[in-house]
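Here is the structure we will look at, set down as structure tokens.
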Protein chains: 2
Amino acid sequence: MKQQNSQTEEKILEAAEQIFLRDGYGDARMQDIADLAGINKALLHYYFRSKDNLFEYIFEKKISVMFPKMEEMFNQNLSFYETTCAFIEKYITLLNDNPYIPMFVMSTINRADRQDFIKKLPIGLIQKFAELYFKDFSVGKVREVNPAQLIISVMSMCAFPFIARPVIKEITKADDEQFKAIMQFRISEIQLYLKYILNQ
Amino acid sequence: MKQQNSQTEEKILEAAEQIFLRDGYGDARMQDIADLAGINKALLHYYFRSKDNLFEYIFEKKISVMFPKMEEMFNQNLSFYETTCAFIEKYITLLNDNPYIPMFVMSTINRADRQDFIKKLPIGLIQKFAELYFKDFSVGKVREVNPAQLIISVMSMCAFPFIARPVIKEITKADDEQFKAIMQFRISEIQLYLKYILNQ
DNA sequence: GTCTATAGAACGATAGAC
DNA sequence: GTCTATCGTTCTATAGAC
């Protein structure tokens, strides 16, 4: 009984994740989720009361990918440059395995009726980076730039290509695997920019 | 008669633009467009046969903002660095007046049923930039980087903050005007990065 | 050209049998 | 726990009066 229960719930969550990531909240259909899970609509509402409920569940499960946990990285006493280089590699590798996440998160928080979802984002990450920058800047280890703008730039260079993925795939005539390779190469390219910007 | 005709059509287009930009295709409602235009739904279908038709009209009108016309800029015989600096200023100024455009375009071309809209984008721009880079690189005017990756980076740094606008506004506690100011300041910051990256 | 009224389909959600 | 059947609503689109 309980075994079967968990199995169905797991199937629903997997299907919901796939459909919501592909279509976003508004365009996603409960029927599509039911079909993909191999069950019917009524059972969806038995496990999760409403579409809103199910979506919130998936969203909260996925935001950690958009703003990854970085605690251990900040506790290693690395420089701002080293920490940011490590972040770039970790972030793009993570997004290469979850290419739909940036569009999913951004389309959600841009909906007029879902702006409260912004508060679910773990945005303390930005503050940590800024503190580390000022620490290195005060001892002359990095060139003077605006740290908030720099962090926005790094996240932009990592995340935006996944949002513009269909365009980039079309321009470069790349398939999914080739796009992954482009992004893999991009890690060292962004790290190179950072090196020049910070004068390392 | 014809005067009235044009006036109504203009009101519809203005309303449709506003609603589609805010909600995207899937979440936009013909009723909302009709209400905003001060007419009824039936009249919408009299002027534009379907929602698809109306949307396509608006989309084609707006893509020039996402990929701005740059012909005159390329004909001024400026260096790659100068041209890209000018692009950054022009692009962010343009997006500051049209902050919803990046999300609108990206959410459209990420829809499974709207991928043919990618072909409407004037992506020749990228090629022009790459050619100009190689011209300057061959005479040692710029440092060696991957030009395609650099152009993606510049566009990312310009466009992504508008897509993440609700997040940035929340983190910085900025209103619409303050966000505009942040982006205005961002122009010189991105230009500074470019200077360091290209060793100018 | 503009309106009211409504058709026809799709969607989220629920009732009730098993 | 899982199903079929259906309710109530919402949406695009059209018919028909003026």
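Keep in mind that what you see is a predicted model, and the values were worked out from it rather than measured. In the text below, chain A, chain B and the rest are named by the order of the sequence lines, each starting its count at 1.
For residues 130-148 of chain A, no residue pair satisfies the salt bridge (Lys or Arg N to Asp or Glu O under 4.0 Å) rule, not counting sequence neighbours. Listed by first and then second residue, the side-chain hydrogen bond (donor to acceptor under 3.5 Å, both in side chains) pairs that reach into residues 18-31 of chain A are Y25(A)-D52(A), Y25(A)-R114(A), D27(A)-R111(B), Q31(A)-D35(A), sequence neighbours excluded.
Residues satisfying the salt bridge (charged side-chain N to carboxylate O under 4.0 Å, His left out) criterion with E17(B), sequence neighbours excluded, are K61(B), K62(B). Listed by chain and residue number, K120(B) satisfy the side chain to side chain donor-acceptor pair (under 3.5 Å) test with E60(B) (two or more places apart in sequence, or in another chain).
Of the residues in residues 25-46 of chain A, I39(A), N40(A), A42(A), L43(A), Y46(A) come within less than 4.0 Å of DNA chain D through at least one heavy atom, sorted by number.
For D23(A) and dG12(C), the CG to C1' distance is 16 Å, given to the nearest whole Å. We find that NZ of K51(B) is positioned 8 Å from C1' of dC11(D), with the value rounded to whole Å. Between E9(B) atom CD and dG1(C) atom P there is a gap of 9 Å when expressed in whole angstrom units. Regarding N53(B), its CG atom lies at a distance of 11 Å from the P atom of dT14(D), rounded to whole Å. As rounded to whole Å, 18 Å separates atom P of dA13(D) from atom OH of Y47(B).
Residues L78(A) and I151(A) do not share a hydrophobic cluster, defined by chaining ILVMFWY side chains whose heavy atoms lie under 4.5 Å apart.
In this model, the phosphate group of dG1(C) is not approached by any side-chain N or O of T8(B) to a distance below 4.0 Å at OP1 or OP2.
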Distance-only criterion, 3.5 Å: show the donor-acceptor pairs between side-chain atoms of residues 154-172 of chain A and protein atoms not counting sequence neighbours.
from    : atom 1 : to      : atom 2 : distance (Å)
S156(A) : OG     : I152(A) : O      : 2.6
K169(A) : NZ     : D176(A) : OD1    : 2.4
E170(A) : OE2    : K173(A) : NZ     : 3.2
T172(A) : OG1    : I168(A) : O      : 2.7

